[in-house]
Amino acid sequence: MSGANVAIVVALVLWPLRARGADRRVQAAVAVLAIVGFVVLARPGASVLRAAVMGGVAVLALASGRSRAAVPALAGSVVLLLLGAPELASDAGFALSVAATAGIVLVSPSWSRALRAQGSPRPVADALAVSAAAGLVTAPLVAALSGVVSVVSLPANLLAAPAVAPATVLGLLAALVSPVVPAGADALSWLAGWPVRWLVLVAERAAAVPDGATGWPSGAPGAVLLAVLIGGAAWALLHWPRLRLLALAALVGVLVLGWPLRQVNRGWPLAGTVAVACDVGQGDALVLPTGPGEAVLVDAGPDGALVAGCLDRLDVHRLPLVLLSHLDADHVAGLAGALAGRRVDEVATGALAPTDDRVPRLEQVVAAAGARHVVLAPGVRRAVGAAEIEVLAPDPGRAVAGAEPNDLSMVARVTVRGVRVLLTGDLGAEAEARLVADGTDLSADVLKVPHHGSADADPGFLAASGAAVALVSVGADNSYGHPADRLLDWLTADGMRTYRTDSDGDLAVVGRAGRWGVAVRGPDVVQRATAGGAPGVPAGTPAHPAVARARRHRVATWPRGSQRSSTARTDIAAAHRGRRGGTAARPRRLRRPRGGARRPLRQRGARAGRGRPPDR
C-alpha cells in the first residue's frame with residue numbers, strides 16, 4: 001500500500017472526529033495509531049515503512065490543516081529515508097510515494113475546500129480531492145514506468161476508498177484478538193472479508209473496462225509529455241473559466257456517445273472466424289471457434305491471464321475440447337487460467353513419455369476444471385461443432401523414456417468451413433523431416449509455424465504444407481532470436497505470407513474455402529504492460545463480409561483455388577527481417593512472381609540438404 005492509500009485510510013478514520021470538532025491533537029493521535037496499526041498488520045518491511053512515513057506526512061497536513069508545515073516534513077522525511085537507504089533514489093515505488101504525498105499535501109486541501117464550497121459533504125470532498133491529487137500527480141510517473149495511461153484509475157480509487165479503512169481496521173483487530181479470542185478473530189475476519197470482496201470486485205471490473213487504459217510513450221519523454229498536457233490543461237481551466245463548461249461537455253460526449261460507438265464498431269471478434277492465434281507472448285495459444293460462445297483451445301500459453309483475456313475477447317464460455325501439443329510451460333502454464341470460469345469437457349494430448357513428471361500436475365488442473373484427460377493417437381478424427389480435427393502425430397511408439405518432448409508435439413490438421421489449419425506444436429527439424437519421409441499428408445491453407453519460428457526447422461516440412469499463410473506465435477523482444485532469419489526466408493520462398501503475434505497482436509483467419517483472409521487486431525500494449533508480461537493486403541475482391549467490415553484490423557485475402565501462385569510475395573520486408581521482423585508491405589494487389597510458377601514441391605523440399613547455421 002502506498003503513502004497515498006495510507007492517507008486515504010487515515011482521512012476516513014479521522015472523518016467522524018473532524019465532523020464532531022475533536023481537538024487536532026486527538027485527531028493526530030488517532031492518525032498515528034492508524035498508521036502504527038497499518039505497519040503492524042502489513043509487517044514493517046522497507047516498502048511498508050516507506051509508505052507509513054509518507055502517509056504520516058500526509059496526515060500531518062490533513063490533521064493540522066497546515067500544508068505549509070507538511071512540506072518541510074515531507075522534504076525532511078525524503079532526506080532521512082535516502083540517507084538511511086540510498087538505493088531508494090532509483091526505486092520506482094519510492095518516487096511514486098513521494099509524488100503522491102506531495103500531491104495530497106499541496107493540492108488536495110484546496111480542492112477539498114472548493115468541493116465543500118460547492119456543497120459536497122466533507123468525506124466525499126476529501127476522498128475526491130485526495131484520490132484526484134494523488135492520481136494526477138503520479139500519472140506521468142506511471143506512464144513512464146509502464147507505458148500505459150489509465151482513465152479508470154480515478155473512479156476505481158474513489159469506489160475502492162470507502163472499503164480500504166474498514167478492511168484495514170477489521171483486519172488489524174482480528175490479528176490483535178486472535179491470540180486471546182479466536183472465535184472473535186474469526187468473526188472480525190469474516191466482517192473484513194466483505195470490504196475486501198468489494199476491493200477485488202472494483203479491481204476486476206475496472207481492469208475489464210474496454211479502452212479503460214491506453215498505451216503511452218514510456219520513459220522520460222512520455223512522462224514529460226503527459227506532465228505538460230496535464231499542467232497545460234489545468235492552467236487553461238484555471239485561467240479561462242468558460243473552458244470548463246466546454247471541457248465538461250466534451251467529456252460527457254466522449255463517455256455517452258464516443259465510447260459506446262467505439263465498442264459497437266470495434267470489429268472484434270469477426271464473424272466467420274476460423275482460427276485466432278492469440279498474442280500471449282513467447283508461447284502458443286490458438287482458438288478455433290466452433291459455435292456461439294464455444295471453441296476448441298489449442299495450447300494455453302505461458303500466462304493464464306493472457307490466454308483468458310484472448311478467450312474473453314472472443315466471448316468463449318465453453319471449451320468442449322482443449323488440445324495440448326506438449327507439456328512445456330510456454331504451452332500449458334496458462335491452462336488453469338484458461339479453464340477457470342468456463343465449462344470444459346475434454347483436455348487431449350498426444351502420446352507422452354512415461355517419464356514425463358509433468359503429467360500429474362496436468363491431471364490435477366484438468367480434474368479441478370471438471371474435465372477429463374484423453375490421449376489422441378494418429379488417425380483419430382474428431383468433429384467439434386464446425387471444426388473437423390485430424391490427428392497426424394506423434395507415433396505412440398516414439399513416446400519412450402527420455403524422449404524429446406518437442407518431438408512428441410501433437411500435429412493436427414483442423415478444417416473449418418473448408419479452410420485447413422496445420423497445428424505443429426514445437427516440432428524440431430528431425431521430427432519434421434521424419435513426417436515428410438513417412439509420406440504424411442501435411443497439406444493445409446494455414447501453417448502454424450513450429451516452435452515460434454526457431455531455425456531448427458526442416459524446409460521440406462514447410463514446403464510440404466503448401467500453405468498460403470504462416471502464423472508465428474512469438475513474444476516481442478524474446479531472447480531466442482525467434483523467428484529466425486533463415487526460417488522467414490524459407491517461408492517467403494515457399495510463397496507464404498507471414499503474420500506474427502509480436503508485431504501484429506491477435507491474428508484471425510476469417511471466411512470459408514475460396515474466400516478467406518487474415519485480420520490482425522494489432523499489439524495490445526496495455527495487455528503487455530500489465531502482464532509484465534507487446535497487415536494485410538487487399539486482394540482486389542473483398543473477402544468474407546466480416547473482414548470487409550473490420551475497421552482497425554488490417555486484412556489480407558486469398559482465393560482458395562489460386563493460393564499457390566498468388567501468394568509468392570511476402571508481407572515481411574526484407575530490409576527489416578531479424579529478431580523483430582519486418583513491417584507489412586504497402587497495400588498492393590497480389591500477383592504471380594517473376595519467372596513463372598513456383599518450383600514443384602519435390603524440388604523445393606530439396607533445400608533440406610543445405611547446411612544450417614546454429615539457431616540464433
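Taking the charged nitrogens against the carboxylate oxygens, Asp356 and Arg361 have no contact shorter than 4.0 Å, which rules out a salt bridge. Lys448 has a carboxylate O that lies under 4.0 Å from a charged side-chain N of Asp284, or vice versa, which qualifies the two as a salt bridge. Between Asp506 and Arg313 there is a salt bridge, since a side-chain N of the basic residue sits under 4.0 Å from a carboxylate O of the acidic one. Salt bridge status for Arg413 with Asp441: present, with a side-chain N to carboxylate O gap under 4.0 Å. Salt bridge status for Asp458 with Arg434: absent, with no side-chain N to carboxylate O gap under 4.0 Å.
At most 12 non-hydrogen atoms from other residues, nucleotides or ligands lie less than 6.0 angstrom from CZ of Arg205. Other residues, nucleotides and ligands contribute at most 12 non-hydrogen atoms within 6.0 Å of the CD atom of Glu430.
The SG atom of Cys278 sits 10.0 Å away from atom CZ of Arg521, with the distance rounded to the nearest 0.5 Å. A distance of 7.5 Å separates OG of Ser409 from CG of Asp328, quoted to the nearest 0.5 Å.
Side-chain atoms of Asp330 and His452 include a donor-acceptor pair closer than 3.5 Å.
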From CA spacing to verdict: side-chain hydrogen bond (donor to acceptor under 3.5 Å, both in side chains), His326, Asp426
CA-CA 8 Å; His326 61 304; Asp426 276 357; 3.3 Å; yes
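Heavy-atom minimum distance, Trp216 versus Ala143: CD1-CB, 3.7 Å.
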